J.: 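Before I ask anything, here is the structure I am working with.
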Amino acid sequence: MLRILLLIIGYVIGNIETGYIFGKLNKMDIRNYGSGNAGATNTLRVLGPKAGLIVFLGDFCKSLIPCLIVRYIFRDNVSLSYVYMLYIGLGVVLGHNFPFYLGFKGGKGVASTAGIIMALDYRIAFVCLAIFILIVAITRYVSLASIVVMIIFIGMSHMLVKTNYGFTDGSSPMEFRLLVVIIGFLSIFMHRANIKRLLSGTENKIGKKV
């Protein structure tokens with residue numbers, strides 16, 4: 001029951017659609033421009049770097065803060081605190097990607113997932129950030145960098161769980177592993193159109209107006 005409650009709370013928080021709100025403050029629906037989603041990358045393309053950064057930070061913090069709060073509340077049971085943290089984080093990403101009041105059309109959840117990663121383990125977050133920057137610098141494809149980062153997130157979490165996150169007492173990390181896979185692959189799934197364009201060579205590069 002608590003797991004479902006955390007998902008619901010996270011979903012409600014995720015519905016705070018930073019890109020949509022910022023667009024409305026500029027008298028526009030950001031989803032009607034560029035790639036058609038309410039995420040930070042599309043905001044960057046349509047409204048510029050400052051707007052993109054603001055939206056990224058908003059989406060990042062709306063998952064980071066609830067995840068840290070849940071970890072603190074359940075700190076007496078370390079392994080469970082991480083599992084519960086992933087539940088509320090997943091809820092935030094679902095709310096961000098599928099906001100009920102916007103016809104379930106939101107963003108792709110990269111920034112919000114980044115907040116979960118930071119709340120989980122700063123080491124994974126910094127590795128993901130470095131790889132993200134490197135791929136974008138070389139290819140100019142934000143979508144490719146985002147997909148690769150999700151794979152790294154899943155892989156590193158699975159490797160580190162053996163000696164971290166409170167599972168050193170012999171308890172099973174299966175639920176933790178499953179949630180990490182769901183969160184990571186949800187973001188990859190949201191990039192399915194980008195994957196098709198990457199394969200066909202028609203994907204938009206960062207810095208290009210769409």
Side-chain angles (χ1 to χ4, degrees), residues 1-18 39-40 55-100 104 106-132 146-191:
M1 185 63 187
L2 180 56
R3 289 165 171 78
I4 295 174
L5 179 60
L6 289 170
L7 278 172
I8 293 172
I9 293 172
Y11 180 81
V12 172
I13 296 171
N15 270 255
I16 303 173
E17 205 68 47
T18 316
V55 171
F56 175 84
L57 290 175
D59 292 341
F60 177 82
C61 289
K62 75 181 179 185
S63 62
L64 173 67
I65 294 172
C67 284
L68 291 177
I69 290 174
V70 168
R71 270 188 59 187
Y72 179 78
I73 292 173
F74 297 99
R75 63 190 181 279
D76 290 338
N77 188 328
V78 180
S79 60
L80 203 56
S81 73
Y82 279 100
V83 169
Y84 287 161
M85 181 206 80
L86 290 176
Y87 272 104
I88 198 166
L90 175 58
V92 171
V93 174
L94 289 172
H96 175 80
N97 293 353
F98 311 107
F100 72 90
F104 302 97
K108 296 179 180 177
V110 176
S112 294
T113 302
I116 298 173
I117 297 172
M118 179 60 80
L120 172 66
D121 194 323
Y122 71 91
R123 297 168 298 179
I124 300 177
F126 288 152
V127 170
C128 288
L129 176 61
I131 296 297
F132 183 91
S146 300
I147 293 166
V148 172
V149 159
M150 294 306 153
I151 295 172
I152 292 171
F153 160 54
I154 294 170
M156 288 192 68
S157 298
H158 275 63
M159 287 188 295
L160 292 173
V161 73
K162 296 177 181 179
T163 54
N164 295 272
Y165 318 133
F167 291 102
T168 54
D169 60 358
S171 57
S172 174
M174 185 59 67
E175 188 176 12
F176 174 93
R177 292 179 186 273
L178 179 60
L179 287 166
V180 165
V181 169
I182 291 172
I183 292 168
F185 275 101
L186 176 60
S187 181
I188 295 173
F189 172 77
M190 298 302 294
H191 283 85

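When a residue number appears, it is its place in the shown sequence, counting from 1. In this text the structure is predicted, and so the values were computed from the model without any measurement.
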J.: What pair of heavy atoms forms the shortest contact from Pro66 to Ile88, and how long is it?
T.: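 That closest heavy-atom pairing would be CB-CD1, 3.9 Å.
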J.: Using 0.5 Å steps for rounding, measure from the CG atom of Asn15 to the CG atom of Leu94.
T.: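 With rounding to 0.5 Å, CG (Asn15) is 10.5 Å from CG (Leu94).
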J.: Mind checking the CG-CE spacing from Leu68 to Met85? Nearest 0.5 Å is all I need.
T.: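 If we round to the nearest 0.5 Å, Leu68:CG and Met85:CE are 8.0 Å apart.
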J.: Side chains of Tyr165 and Asp121: do they bring a donor and an acceptor to under 3.5 Å?
T.: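 Looking only at side-chain atoms, Asp121 and Tyr165 do form a donor-acceptor pair, the distance falling under 3.5 Å.
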J.: Can you tell me how far apart CG (Leu129) and CD1 (Ile152) are? Round to the nearest 0.5 Å.
T.: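 If I round to the nearest 0.5 Å, the distance is 11.0 Å.
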J.: What I'd like to find out is whether the side chain of His191 reaches to under 4.5 Å of the side chain of Ser146, using heavy atoms alone.
T.: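 His191 reaches Ser146 side chain to side chain.
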J.: Between Ile188 and Ile151, is there a side-chain heavy-atom distance shorter than 4.5 Å?
T.: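 Yes, at least one pair of side-chain atoms sits under 4.5 Å.
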J.: Which atoms form the tightest heavy-atom contact between Val110 and Ser187, and what is the distance?
T.: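 Heavy atoms of Val110 and Ser187 come nearest at CG2-OG, 3.7 Å.
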J.: Run Phe176 and Leu120 through side chain to side chain contact (heavy atoms under 4.5 Å, CB included) and show every step you take.
T.: CA-CA 11 Å; Phe176 174 93; Leu120 172 66; 3.7 Å; yes
J.: Testing the basics here: between Ser63 and Ser112, what is the closest heavy-atom pair and its distance to 0.1 Å?
T.: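 Nearest heavy atoms, Ser63 then Ser112: OG-O, 2.5 Å.
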J.: Roughly how far, to the nearest 0.5 Å, is CD1 of Ile65 from CZ of Phe60?
T.: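 If we round to the nearest 0.5 Å, Phe60:CZ and Ile65:CD1 are 9.5 Å apart.
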J.: Rounded to the nearest 0.5 Å, how far apart are CZ of Arg177 and CG of Leu86?
T.: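 Those atoms lie 12.5 Å apart.
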J.: Hey, can you tell me if Phe126 and Tyr122 have their rings parallel, tilted or perpendicular (30° and 60° cut-offs)?
T.: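 Phe126 vs Tyr122 ring planes: perpendicular.
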J.: So which atom in Ala119 and which in Arg71 form the shortest heavy-atom distance, rounded to 0.1 Å?
T.: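 Where Ala119 meets Arg71 most closely, the heavy atoms are O-NH1, 2.6 Å.
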J.: Decide yes or no on side chain to side chain contact (heavy atoms under 4.5 Å, CB included) for Phe185 and Met150, but give the supporting numbers first.
T.: CA-CA 7 Å; Phe185 275 101; Met150 294 306 153; over 6 Å; no
J.: Evaluate the criterion side chain to side chain contact (heavy atoms under 4.5 Å, CB included) for residue pair Phe153 and Ile183; output intermediate values, then yes/no.
T.: CA-CA 10 Å; Phe153 160 54; Ile183 292 168; 4.0 Å; yes
J.: More than 12 heavy atoms of other residues, nucleotides or ligands under 6.0 Å from CG of Leu2: is that the case?
T.: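 Atom CG in Leu2 is crowded, with more than 12 foreign heavy atoms closer than 6.0 Å.
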J.: Using the side chain to side chain contact (heavy atoms under 4.5 Å, CB included) rule, take Leu80 and Phe74 through it: C-alpha gap first, then chi angles, then the decisive distance, then the call.
T.: CA-CA 7 Å; Leu80 203 56; Phe74 297 99; 5.7 Å; no
J.: May I ask you to test the Tyr82-Leu179 pair for a side-chain heavy-atom distance under 4.5 Å?
T.: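 Side-chain contact under 4.5 Å: no.
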J.: Using only atom types and a distance under 3.5 Å, with no angle test, would you say the side chain of His158 pairs donor to acceptor with the backbone of Ile154?
T.: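 Such a contact is found between His158 side chain and Ile154 backbone.
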J.: For residues Gly95 and Glu17, report the shortest heavy-atom separation together with the two atoms involved.
T.: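 Smallest interatomic distance, heavy atoms only, reads O-OE1, 3.9 Å.
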J.: Quick check: do Leu186 and Thr113 have side-chain heavy atoms less than 4.5 Å from each other?
T.: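 In short, these two side chains do not touch, never coming nearer than 4.5 Å.
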J.: Give me the atom names and distance for the closest heavy-atom approach of Gly89 to Cys67.
T.: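 For Gly89 versus Cys67, the nearest heavy atoms are CA-SG, 3.8 Å.
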J.: Could you state the interatomic distance from CZ (Phe167) to CG (Leu160), rounded to the nearest 0.5 Å?
T.: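 If I round to the nearest 0.5 Å, the distance is 12.5 Å.
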